[in-house]
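One structure is given here, and the rest of the page talks about it.
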Amino acid sequence: MSAVSDRLPTFPWDKLTPYKATAAAHPDGIVDLSVGTPVDPVPELIQKALVAAADSPGYPTVWGTPELRDAITGWVERRLGARDVTHRHVLPIVGSKELVAWLPTQLGLGPGDRVAYPRLAYPTYEVGARLARAEHEAYDDPTELDPEGLKLLWLNSPSNPTGKVLSQEELTRIVAWARSHGILLFSDECYLELGWEADPVSVLHPDVNGGSYDGIVSVHSLSKRSNLAGYRAAFLAGDPAVLGPLLEIRKHGGMMTSAPTQAAVVAALGDDDHVRVQRERYASRRELLREALVTHGFRIEHSEASLYLWATRGESCWDTVDHLAKRGILVAPGDFYGPAGAEFVRVALTATDERVAAAVQRL
């Protein structure tokens with residue numbers, strides 16, 4: 001076991017422990033804006049669907065029920081503008097993080113293969129490469145990478161942590177480049193429904209992919225849009241030639257979403273009203289926190305989408321973390337997401353209205 005764990009970096013969140021203790025000592029309690037975990041209730045229609053499916057004594061299928069696949073294909077066409085999506089184009093997964101962490105291994109990558117991801121990125125892209133013993137590298141523009149040995153290219157738009165959105169033109173150019181070199185492209189689009197100053201586009205849109213899903217797969221999650229982080233509900237959509245073998249591997253590995261969760265996802269993808277309500281909550285919190293941070297002397301970069309504000313005071317991110325912790329506010333240091341984040345912090349919008357108001361008052 002140590003041989004596997006030794007491949008991994010130190011779990012970054014452990015470094016925040018002393019700062020969390022400082023913030024928790026504030027007389028009015030901590031305002032935790034670090035992790036980005038949903039705090040609002042699971043919509044009632046989703047809870048009811050989960051409860052109605054609670055009597056599920058048999059094993060669920062890895063591919064999901066036909067109703068689940070119908071819900072995913074319908075949502076992908078309705079929301080993302082994709083065309084001609086069949087059940088072969090979709091695959092449920094047990095939350096998006098397990099997919100990111102284990103995808104290189106499931107693709108059979110190993111020593112000599114390369115995995116690339118954005119310069120500022122969710123740390124699990126690197127973890128996935130390390131678990132597979134593949135090489136990993138960060139990029140500013142993926143089309144400037146050496147394509148030799150590059151087997152998996154990760155896009156992330158809207159970005160975690162920066163909130164940056166890739167334009168339709170950029171996505172089209174990157175997809176064409178990856179295809180011309182035979183590079184498999186996975187696009188992490190888990191924040192796509194949370195665009196504020198931009199309208200994020202999926203790689204599944206025909207204007208991006210030319211009407212073909214060859215060599216591309218998008219990753220979607222219900223954790224943020226529907227407050228289902230505790231349900232572990234996500235899915236893939238894209239090239240059947242990629243998803244078919246992944247389905248077989250995941251069958252052998254027993255990587256299945258629970259039956260009640262599958263029923264809940266059907267309800268969640270079939271309702272747009274709760275997504276609108278949740279967006280309005282986040283939009284209000286974002287406006288309050290952004291104004292307070294700017295007034296306090298921060299500069300906000302990108303942040304045109306997603307659930308975070310990418311903020312800097314032009315100093316070490318750890319000095320900023322300490323500065324805010326002394327005011328009872330916990331944020332994530334930017335270097336969790338790569339050396340390029342050394343002077344930034346990531347401020348999550350995932351706190352209750354009362355806690356956000358407390359942070360604004362302290363700032």
Side-chain angles (χ1 to χ4, degrees), residues 1-26 28-39 95-98 100-102 115 117-131 136-138 154 156 159-164 188 190-191 223-224 229 289 293 296-303 306-351 355-356 358-359 362-363:
M1 284 301 298
S2 63
V4 176
S5 62
D6 286 350
R7 298 178 209 156
L8 303 178
T10 302
F11 189 63
W13 295 97
D14 292 343
K15 301 176 185 177
L16 265 186
T17 300
Y19 300 95
K20 186 172 185 177
T22 297
H26 190 279
D28 186 38
I30 187 173
V31 179
D32 192 342
L33 306 177
S34 62
V35 178
T37 186
V39 297
S96 58
K97 185 170 185 176
E98 67 89 352
V100 174
W102 293 107
V115 177
Y117 45 81
R119 181 79 58 195
L120 285 162
Y122 184 47
T124 313
Y125 303 130
E126 177 184 338
V127 167
R130 286 176 175 268
L131 286 170
H136 53 87
E137 61 186 288
W154 278 107
N156 180 208
S159 163
N160 174 14
T162 68
K164 181 180 179 180
D188 182 344
C190 289
Y191 296 91
S223 293
K224 306 304 193 293
L289 283 169
L293 287 166
H296 195 74
F298 282 87
R299 185 178 81 253
I300 309 296
E301 288 197 0
H302 292 299
S303 307
S306 85
L307 278 183
Y308 312 104
L309 293 170
W310 189 238
T312 181
R313 300 203 313 162
E315 63 185 6
S316 163
C317 59
W318 289 100
D319 288 343
T320 305
V321 168
D322 180 64
H323 172 81
L324 292 173
K326 289 174 180 175
R327 287 153 180 81
I329 302 168
L330 188 67
V331 298
D335 66 5
F336 277 10
Y337 308 94
E343 292 189 352
F344 286 80
V345 293
R346 192 193 74 170
V347 183
L349 309 179
T350 50
R355 287 290 82 188
V356 167
R362 295 172 197 182
L363 290 168

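Quick caveat, the model's predicted, so the values are computed rather than measured.
Side-chain atoms of E301 and T162 form no donor-acceptor pair, as typed in the model, at a separation below 3.5 Å.
Here the shortest heavy-atom pairing between V31 and A358 reads CG2-CB, 4.0 Å. Closest of all the heavy-atom pairs between R362 and G328 is NH1-O, 3.0 Å. Of all heavy-atom pairs between I329 and A23, the closest is N-CB, 4.1 Å. R346 approaches P161 most closely through the heavy-atom pair CD-CB, 3.5 Å. Annotation for G341 and C317: closest pair O-CB, 4.1 Å, computed over non-hydrogen atoms. The two residues P333 and L16 have their closest heavy-atom pair at CD-CD2, 4.0 Å.
For the pairing with F344, the side chain to side chain contact (heavy atoms under 4.5 Å, CB included) check across L120, I300, T312, L309 returns one residue only, T312.
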Worksheet entry | Test log, rule side-chain contact (heavy atoms from CB on, under 4.5 Å), inputs L289 and L33 | CA-CA 10 Å; L289 283 169; L33 306 177; 4.1 Å; yes
Item to complete: Please lay out, stage by stage, how R355 and D28 fare under the test salt bridge (Lys or Arg N to Asp or Glu O under 4.0 Å).
Response: CA-CA 10 Å; R355 287 290 82 188; D28 186 38; 3.2 Å; yes
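Between the H296 side chain and the L363 main chain, a donor and an acceptor come within less than 3.5 Å of each other. Although no hydrogens or angles enter the test, the distance criterion places no donor-acceptor pair under 3.5 Å between the side chain of S34 and the main chain of L330. Formation of a donor-acceptor pair under 3.5 Å by the R7 side chain with backbone atoms of L131 is found in this model. T124 places no side-chain N or O within donor-acceptor distance of the main-chain N or O of A101, the cut-off being under 3.5 Å.
With rounding to the nearest 0.5 angstrom, the OG1 atom of T350 is 8.0 Å from the NZ atom of K224. Separating the OG1 atom in T22 from the CG atom in L324 is a distance of 12.0 Å, to the nearest 0.5 Å. The structure places CZ of R313 at 4.0 Å from NE2 of H323, a figure rounded to the nearest 0.5 Å.
Applying the side chain to side chain contact (heavy atoms under 4.5 Å, CB included) criterion to H136, with sequence neighbours excluded, gives Y117, E126, A129, R130. With sequence neighbours excluded, no residue forms a side chain to side chain contact (heavy atoms under 4.5 Å, CB included) with A21.
With contacts defined as side-chain heavy-atom distances shorter than 4.5 Å, the pair N156/Y125 qualifies. N160 has its side chain out of reach of D188: every pair of non-hydrogen atoms, C-beta onward, lies at least 4.5 Å apart. Looking at heavy atoms from C-beta onward, K97 lies in side-chain contact with Y122 at the 4.5 angstrom threshold.
In this structure, Y191 has its ring center under 6.0 Å from that of Y308.
Residue pairs that meet the side-chain hydrogen bond (donor to acceptor under 3.5 Å, both in side chains) test with at least one member in residues 12-21, sequence neighbours left out, do not exist here.
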